[in-house]
Amino acid sequence: MPELPEVETVVRQLAPFLLGRRVCCLEILDPKLESPEKDSVGGRTILEVVRAGKQAVIRLSPLPGSTLPLWLSFHLRMTGRLIMDGWQSGQQEKHLRARLVLDRGCLNFFDVRRFGVIDIRHSPGQVRPQGLDPLSPAFTGRALAKLLCGPGRQVKPWLLRQDRLAGIGNIYASEILFHAGIDPRREVAGLTAEEIKHLHHSTRKVLRLAIENCGTTFSDFQDTRGRAGTFQDLLSVYRREAQPCRRCGEPVVRIVQQQRSTFFCPACQR
DNA sequence: ATTATATCCTGATCGC
DNA sequence: TGCGATCAGGATATAA
């Protein structure tokens, strides 16, 4: 569920409360998340809270007398939530998988389906192989064109690959392609320069708009205060099978690509 | 090199 | 009301 806009929403909300806090310890409640590095986070100060692809990453200061910083990252996968202690009620205690105990307050990691991942790394480069961030200045039309020369055939599955562009998931892949007017089954090798330009523009446009709306909520996503996003009200095609296209009125179509749903308008997307 | 399949989990929903 | 089948926004490993 949480794709780039949802993780960005959470990170922006958390940052002001986490920056400068001292970490007491990381408590792991789900054995699946157990890590031998767990004890190395205590005693450090939080220097930075950023998003990398779909991950929330916390940069921690070196311990006194050392020069080695540490990176702590949370990948929310399908149902993960990062919520400060006391910011909301109603979370099920049994879904609490880990907690970062701070000098003031506590960051709780809830995750119903337990797909979420916590990584502790000694350098930022180790924080999983990530592609280009679609919102970074480096993501230009030219950069996209170059990436599209790499592996991958159909454009929609291509957009889901985190090692090319980092942060796009199933919802935004469909939305971006609708906005760009490109059929999700098109082969990337066959895209014209014009279409790549549209794809580049649409990617930034859709993701930015989603962030402005604090992400998309169907049932799972909640921000760090337990509120829903509002972008689901603005979706053009995702989960709108058989409903009229907001642009031309033709029914939206659902197909399956790589065992995942894709939604598009056959009239608007060519 | 790409694509298909299975897998990691739990919960909500739908049809009978 | 209950029950089983199906589906879900992510990602990876392995097989084909």
Side-chain angles (χ1 to χ4, degrees), chain A residues 1-10 28-34 51-57 73-82 90-98 109-119 127-131 134 147-178 184-190 206-207 210-211 213-223 228-242 254-264:
Chain A
M1 135 262 285
E3 304 180 30
L4 185 152
E6 289 76 29
V7 179
E8 183 70 26
T9 297
V10 166
I28 303 290
L29 304 170
D30 180 352
K32 211 185 147 192
L33 295 173
E34 204 51 70
R51 177 187 57 74
K54 296 176 188 173
Q55 298 173 96
V57 182
S73 81
F74 294 87
H75 197 312
L76 275 33
R77 294 286 178 98
M78 302 281 266
T79 53
R81 293 174 183 173
L82 286 172
Q91 290 301 317
Q92 295 215 35
E93 215 53 27
K94 65 174 176 179
H95 297 147
L96 181 60
R97 308 299 181 191
F109 180 55
F110 294 91
D111 187 12
V112 170
R113 282 176 75 180
R114 302 171 67 206
F115 286 167
V117 174
I118 300 175
D119 279 323
V127 179
R128 288 173 186 268
Q130 292 281 324
L147 286 173
L148 286 168
C149 294
R153 259 164 41 87
Q154 295 190 327
V155 63
K156 192 266 188 168
W158 189 93
L159 286 172
L160 297 181
R161 290 188 56 145
Q162 301 303 301
D163 57 343
R164 306 276 156 186
L165 289 183
I168 299 171
N170 211 36
I171 297 176
Y172 296 106
S174 282
E175 291 299 308
I176 287 166
L177 288 170
F178 172 81
R185 298 164 297 189
R186 287 281 300 283
E187 299 199 3
V188 292
V206 169
L207 293 176
I211 290 171
N213 283 273
C214 298
T216 302
T217 300
F218 290 118
S219 54
D220 288 318
F221 176 67
Q222 295 187 347
D223 69 12
T230 57
F231 194 68
Q232 63 277 8
D233 303 331
L234 301 176
L235 293 174
S236 299
V237 286
Y238 191 81
R239 284 222 184 164
R240 297 194 65 245
E241 183 179 15
R254 172 183 176 270
I255 59 173
V256 173
Q257 293 177 291
Q258 292 190 328
Q259 340 315 113
R260 326 264 331 254
S261 293
T262 300
F263 299 84
F264 71 108

Considering only the [atom1] atoms, how many Å lie between [N] and [M], rounded to the nearest integer?
{"N": "B:dG11", "M": "C:dT12", "atom1": "P", "value": "25 Å"}
{"N": "B:dA12", "M": "C:dA11", "atom1": "C1'", "value": "22 Å"}
{"N": "C:dC3", "M": "B:dC9", "atom1": "P", "value": "25 Å"}

What is the distance, rounded to the nearest whole Å, between atom [atom1] of [X] and atom [atom2] of [N]?
{"X": "A:Trp158", "N": "B:dT3", "atom1": "CH2", "atom2": "P", "value": "13 Å"}
{"X": "A:Gln162", "N": "C:dG10", "atom1": "CD", "atom2": "C1'", "value": "8 Å"}
{"X": "A:Asp163", "N": "B:dA1", "atom1": "CG", "atom2": "C1'", "value": "13 Å"}
{"X": "A:Asp30", "N": "B:dC8", "atom1": "CG", "atom2": "P", "value": "15 Å"}
{"X": "A:Lys94", "N": "B:dC9", "atom1": "NZ", "atom2": "P", "value": "16 Å"}
{"X": "A:Gln154", "N": "B:dT3", "atom1": "CD", "atom2": "P", "value": "7 Å"}
{"X": "A:Arg260", "N": "C:dA11", "atom1": "CZ", "atom2": "C1'", "value": "9 Å"}
{"X": "A:Gln257", "N": "C:dG9", "atom1": "CD", "atom2": "P", "value": "13 Å"}

If the cut-off is 4.0 Å, is [X] near the phosphate of [N], judged by side-chain N/O to OP1 or OP2?
{"X": "A:Thr216", "N": "C:dG9", "result": "no"}
{"X": "A:Lys32", "N": "B:dC8", "result": "no"}
{"X": "A:His95", "N": "B:dG11", "result": "yes"}
{"X": "A:Tyr238", "N": "C:dG9", "result": "yes"}
{"X": "A:Lys54", "N": "C:dA11", "result": "yes"}

Task: Out of B:dA4, C:dG10, C:dA8, whichever nucleotide has its closest atom nearest the side chain of A:Arg239 - done: C:dA8
Task: Proximity to the side chain of A:Val112 - top-ranked nucleotide from B:dG11, C:dA8, C:dA11 - done: B:dG11
Open item on the list: Determine whether A:Thr216 and A:Gln232 satisfy the following criterion, side chain to side chain donor-acceptor pair (under 3.5 Å), listing intermediate values before the conclusion.
Closed with: CA-CA 5 Å; A:Thr216 302; A:Gln232 63 277 8; 5.0 Å; no
Open item on the list: With a 3.5 Å limit on both atom pairs, tell me what C:dG9 is paired to, counting Watson-Crick and G-U wobble, or say none.
Closed with: none
- [ ] Would you please say whether a donor-acceptor pair under 3.5 Å links the side chains of A:Ser261 and A:Arg254?
- [x] yes
Open item on the list: Under 3.5 Å, is there a donor on one side chain and an acceptor on the other for A:Gln154 and A:Glu187?
Closed with: no
Open item on the list: Taking 5.5 Å and 30° as the limits, would you call A:Phe115 and the base of C:dG10 a stacked pair?
Closed with: yes
Open item on the list: Heavy atoms only, 4.0 Å cut-off, all strands: where does A:Gly152 land among base, sugar-phosphate and nothing?
Closed with: sugar-phosphate
- [ ] Under the ring pair (Phe, Tyr, Trp, His ring centres under 6.0 Å) rule, what do A:Phe178 and A:Phe264 come out as? Steps first, then yes or no, please.
- [x] CA-CA 6 Å; A:Phe178 172 81; A:Phe264 71 108; 10.0 Å; no
Open item on the list: Using the ring-ring contact (aromatic ring centres under 6.0 Å, His included) criterion, which residues pair with A:Tyr238? Sequence neighbours excluded.
Closed with: A:Phe218, A:Phe263
- [ ] Measure distances between side-chain N and O atoms of A:Arg153 and base N and O atoms of B:dA1, and say whether any donor-acceptor pair falls under 3.5 Å.
- [x] no
TODO: Indicate, yes or no, whether a donor-acceptor pair under 3.5 Å links the base of B:dC9 to the side chain of A:Arg114.
DONE: no
Task: Considering all heavy atoms, the nearest A:Val7-A:Lys54 contact - done: CG2-O, 3.1 Å
